[in-house]
**Student:** 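First the structure, then my questions, so here it is.
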Amino acid sequence: MPDSSGHSTSAHIDIFSADVSSSLALPYADNGIQAGFPSPAQDYINESIDLNREIIRHPAATFYGRVEGDSMIDEGIETGDILVIDRSIEPVDGDLSVCCIDGEFTLKRIKLEHDRVWLIPSNETFDPILVTPDKRFEIWGVVTYTIKQNRRPRKKRHTNY
Amino acid sequence: MIGLIDCNNFFVSCERVFNPAVRTKPVIVFSNNDGCAVAISNEAKALGVKRGDPYFKIKGACNAYGIEIYSGNHKLYGDMSTRVMAVLSAIVPEIDIYSIDEAFLHFETFDRSTLQSTGRDIVRKVRRFTGIPTSLGIAETRTLAKVAARFAKKYPGYRSCCVIDNEEKRRKALELTPLREIWGVGRRLSRKLNDHGIITGLQLADLPVDAVEDLFNVSGKKTWMELNGSPCIGFEPDDQQKQMMCSRSFGKFLTTFDDLAAAVAAFASTVGRKMRERSLCAVSLSVFLYTDGFRSDLPQYYNTAHRTLSEPTADTLTITAAATDALRSIFRKGFAYKKAGLMISELTDSNHIQQSLFSNPADRERRRRLMETVDSINRCTIGHDTVHSGSYSPIDNFVRREKPSRLFSTRLSDIITINCNHGS
């Protein structure tokens with residue numbers, strides 16, 4: 001300290017007030033402070049994989065839905081799967097979409113023709129639906145991902161290992 | 001120019017996003033506190049249902065007309081509100097959240113000549129992103145923007161956006177607006193003015209300045225100036241309704257939990273004080289936060305968390321604790337936060353406290369704190385014996401049984417079901 005210079009003879013310490021009005025974001029590598037050779041892994045500055053961040057581009061417009069039924073089974077979409085639905089996406093021809101038809105949700109690929117819309121199932125026992133003007137119809141949102149639980153919870157059984 | 005965007009029949013619209021079957025049916029949402037109608041679809045309005053009608057009174061009509069009824073699902077509404085506000089804040093640099101379903105939008109930096117189409121784009125975008133229909137009014141002042149929003153909602157011709165941007169439109173709009181529809185003109189003032197032969201907004205705006213000074217207090221004069229196009233009402237959140245809001249855009253990004261917790265504690269203290277001043281208690285609250293939608297270079301995040309309080313309270317400490325807990329559940333590291341807020345989404349009159357005083361006798365410490373709160377409430381309302389014996393009729397249980405709606409947007413087990421069975 002300047003007023004206690006008597007304590008130190010050679011070192012000179014200047015006191016400055018800290019400027020905290022701006023911030024500087026530093027990359028974060030949580031590898032501790034280590035002496036010696038830096039870990040090469042420190043080049044990859046990454047906290048963890050956040051699936052939310054990867055999958056959800058528009059959080060305010062993203063909703064989830066759960067599949068019930070097998071009209072899209074040939075695409076591998078089956079009962080229990082979770083759909084990530086992004087309402088901010090403008091639907092284009094061929095998009096997998098959650099649609100509202102006559103007050104009910106359904107999941108189909110949409111086929112957009114110049115003056116009409118077809119809803120195309122992925123199951124040969126189902127027929128494509130032509131959206132006629134007398135139907136109340138809306139494309140509710142475009143499905144961006146399907147989340148499937150591959151290991152279904154099963155009943156606990158007594159097993160001898 | 002400033003805009004006022006208002007979600008149409010907000011609670012009803014929230015239910016309809018996830019229940020397309022009720023889009024064309026009459027719908028009423030009842031409050032959980034007192035079982036009164038708090039949101040009414042246009043179809044139900046046409047059947048004569050009014051805001052505030054108690055459930056028991058219109059139960060017969062509900063059955064007879066096939067009205068779909070819901071008990072208020074404030075977690076859902078809070079989340080949908082945050083989504084709407086997040087979409088808005090990514091389009092307009094500055095917004096003031098006025099209530100759960102209204103916000104003022106600052107258009108000062110926008111091209112005036114294209115505001116009409118900009119406004120319609122905003123309404124369209126909110127609708128597409130969230131499913132919520134809105135109406136937008138744009139004008140020189142907040143009071144005129146409210147007038148414009150009313151036109152946008154009332155007349156389909158405006159296609160959900162009405163801009164009052166010249167003298168002719170201003171006069172025309174005010175001429176067609178009854179006094180009691182004007183923001184800041186209460187029922188008493190409007191009756192007093194009616195006695196003076198003043199019926200329309202335009203007659204009020206056209207009063208000479210000395211008459212205004214005779215008839216009004218300061219806030220009345222501000223309303224008069226605003227109607228004449230000079231902005232003089234700043235931003236104060238709406239505290240008159242069933243919710244209370246405190247939110248803020250941060251001058252610089254907040255990144256740590258502690259900084260956000262400090263902000264949330266400040267919100268809690270503000271709403272706590274306001275509630276005690278108005279003899280209100282919070283039943284539940286939501287905390288929301290979001291990143292800057294304008295910075296597409298930064299990772300985006302928004303979230304909201306809802307907490308139901310164990311008893312209705314206006315105690316700042318209890319509210320702070322619940323709000324901090326809510327914040328903790330949604331805070332994520334690695335984002336630069338631009339805005340956060342606290343919303344009391346269900347307010348109840350402090351009379352209802354009494355129920356919990358007796359229903360929870362074991363919890364002495366809480367009761368003591370509650371009494372302190374009660375005392376401060378009574379101090380704040382001189383002349384009112386705010387807390388008195390009476391019966392609180394739990395009509396809510398009655399309503400709640402009828403149709404609980406799910407947490408479609410915030411709980412995985414409640415998400416919408418997509419029927420993939422019918423192929424016809």
Side-chain angles (χ1 to χ4, degrees), chain A residues 21-23 25 28 47-48 50 52-54 56-73 77-79 81-83 85-91 98-108 119 121-123 125-129 136-141 143 147, chain B residues 16-25 79-90 125-132 251-256 288 290-291 293 296 298-304 332-336 408-424:
Chain A
S21 62
S22 65
S23 67
Y28 168 69
E47 290 149 54
S48 59
D50 183 349
N52 276 332
R53 224 185 276 189
E54 302 300 325
I56 300 168
R57 287 293 134 103
H58 307 100
T62 300
F63 298 87
Y64 300 100
R66 197 181 294 277
V67 174
E68 198 180 291
D70 53 5
S71 69
M72 299 305 286
I73 193 79
I77 300 171
E78 58 191 321
T79 297
D81 289 354
I82 292 170
L83 307 168
I85 309 158
D86 187 339
R87 291 187 51 117
S88 73
I89 295 172
E90 196 76 67
V98 169
C99 304
C100 280
I101 187 155
D102 284 340
E104 212 178 326
F105 286 124
T106 185
L107 177 71
K108 296 285 185 294
L119 306 181
S122 285
N123 180 336
T125 63
F126 288 83
D127 292 324
I129 301 168
R136 281 186 292 120
F137 176 74
E138 176 202 27
I139 297 171
W140 197 83
V143 176
I147 301 171
Chain B
R16 282 178 165 172
V17 170
F18 303 99
N19 289 295
V22 305
R23 285 202 191 156
T24 49
K25 292 183 182 168
D79 177 64
M80 293 303 285
S81 169
T82 313
R83 288 169 183 263
V84 169
M85 301 307 173
V87 173
L88 291 171
S89 7
K125 200 166 176 183
V126 170
R127 176 69 192 254
R128 207 179 76 213
F129 281 35
T130 66
I132 300 293
K252 60 179 182 182
F253 293 126
L254 299 190
T255 54
T256 67
F288 59 85
Y290 32 97
T291 53
S296 51
L298 296 175
Q300 295 296 310
Y301 176 68
Y302 100 95
N303 213 338
T304 179
R332 300 281 179 275
K333 238 167 64 177
F335 293 99
F408 301 101
S409 60
T410 54
R411 184 191 286 165
L412 198 54
S413 56
D414 283 3
I415 60 179
I416 53 171
T417 305
I418 316 295
N419 184 356
C420 302
N421 282 315
H422 61 113
S424 55

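Sequence lines set the chain letters: A, B, ... in the order given, protein chains first and strands last, and positions in each chain run from 1.
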**Student:** Considering only heavy atoms from C-beta outward, does the side chain of B/N419 approach that of A/T106 to under 4.5 Å?
**Tutor:**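 They are not in side-chain contact.
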**Student:** With side chains defined as the heavy atoms from C-beta onward, is the minimum distance between A/E78 and A/I73 less than 4.5 Å?
**Tutor:**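 Yes, at least one pair of side-chain atoms sits under 4.5 Å.
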**Student:** With a 4.5 angstrom heavy-atom cut-off, which part of A/L83 approaches chain B: side chain, backbone, both or neither?
**Tutor:**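 When you check distances to chain B, only side chain atoms of A/L83 fall under 4.5 Å.
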**Student:** Using non-hydrogen atoms only, which part of A/E138 is less than 4.5 Å away from chain B: side chain, backbone, both, or neither?
**Tutor:**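 Interface part for A/E138: side chain.
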**Student:** Could you give the distance from OG1 (B/T291) to CZ (B/R332), rounded to the nearest 0.5 Å?
**Tutor:**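 It comes to 13.0 Å.
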**Student:** So what's closer than 4.5 Å to chain A heavy atoms on B/M80: side chain, backbone, both or neither?
**Tutor:**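 Contact with chain A involves the side chain of B/M80 alone.
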**Student:** By ring pair (Phe, Tyr, Trp, His ring centres under 6.0 Å), which residues pair with B/F18, not counting sequence neighbours?
**Tutor:**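 Expected list: A/F63, B/F408.
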**Student:** Just so I understand: if I count every heavy-atom pair under 4.5 Å between each of B/A336, B/A21, B/S409 and chain A, which residue has the most?
**Tutor:**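 That would be B/A21.
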**Student:** Chain A: which of B/T24, B/D79, B/T410 shares the most heavy-atom pairs with it under 4.5 Å?
**Tutor:**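 Heavy-atom pairs under 4.5 Å are most numerous for B/T24.
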**Student:** When B/I418 is tested against each of A/V98, A/D81, A/I77 for side chain to side chain contact (heavy atoms under 4.5 Å, CB included), which residue passes?
**Tutor:**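 With B/I418 as partner, A/V98, A/D81, A/I77 yield a single side chain to side chain contact (heavy atoms under 4.5 Å, CB included), made by A/V98.
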**Student:** Side chain, backbone, both or neither: which part of B/V84 has an atom under 4.5 Å from a heavy atom of chain A?
**Tutor:**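 When you check distances to chain A, no heavy atom of B/V84 falls under 4.5 Å.
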**Student:** Contact part of B/R23 toward chain A, heavy-atom cut-off under 4.5 Å: side chain, backbone, both or neither?
**Tutor:**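 Interface part for B/R23: side chain.
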**Student:** Under 4.5 Å, counting heavy-atom pairs only, tell me which of B/V17, B/N303, B/T255 racks up the most with chain A.
**Tutor:**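 The candidate making the most pairs under 4.5 Å is B/V17.
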**Student:** Counting heavy-atom pairs under 4.5 Å to chain A, which of B/A90, B/A86, B/G131 comes out on top?
**Tutor:**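 Most heavy-atom pairs under 4.5 Å with chain A: B/G131.
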**Student:** Most heavy-atom pairs under 4.5 angstrom with chain B, which of A/A61, A/C100, A/S88?
**Tutor:**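 Heavy-atom pairs under 4.5 Å are most numerous for A/S88.
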**Student:** At a heavy-atom separation under 4.5 Å, does A/T125 approach chain B through its side chain, its backbone, both, or neither?
**Tutor:**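 For A/T125, there is no contact with chain B at all, as no heavy atom is under 4.5 Å.
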**Student:** Students often mix this up, so state it plainly: with edges at 30° and 60°, are the rings of B/F335 and B/Y301 parallel, tilted or perpendicular?
**Tutor:**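 Aromatic pair B/F335/B/Y301 classed parallel.
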**Student:** Sequence neighbours left out, what passes side chain to side chain contact (heavy atoms under 4.5 Å, CB included) with B/I415? Give chain and number order.
**Tutor:**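 B/I415 satisfies side chain to side chain contact (heavy atoms under 4.5 Å, CB included) with A/Y64, A/R66, A/I82, B/L412 once adjacent residues are dropped.
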**Student:** Any heavy-atom pair between the side chains of B/M85 and B/T82 that's under 4.5 Å?
**Tutor:**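 A side-chain contact under 4.5 Å is absent here.
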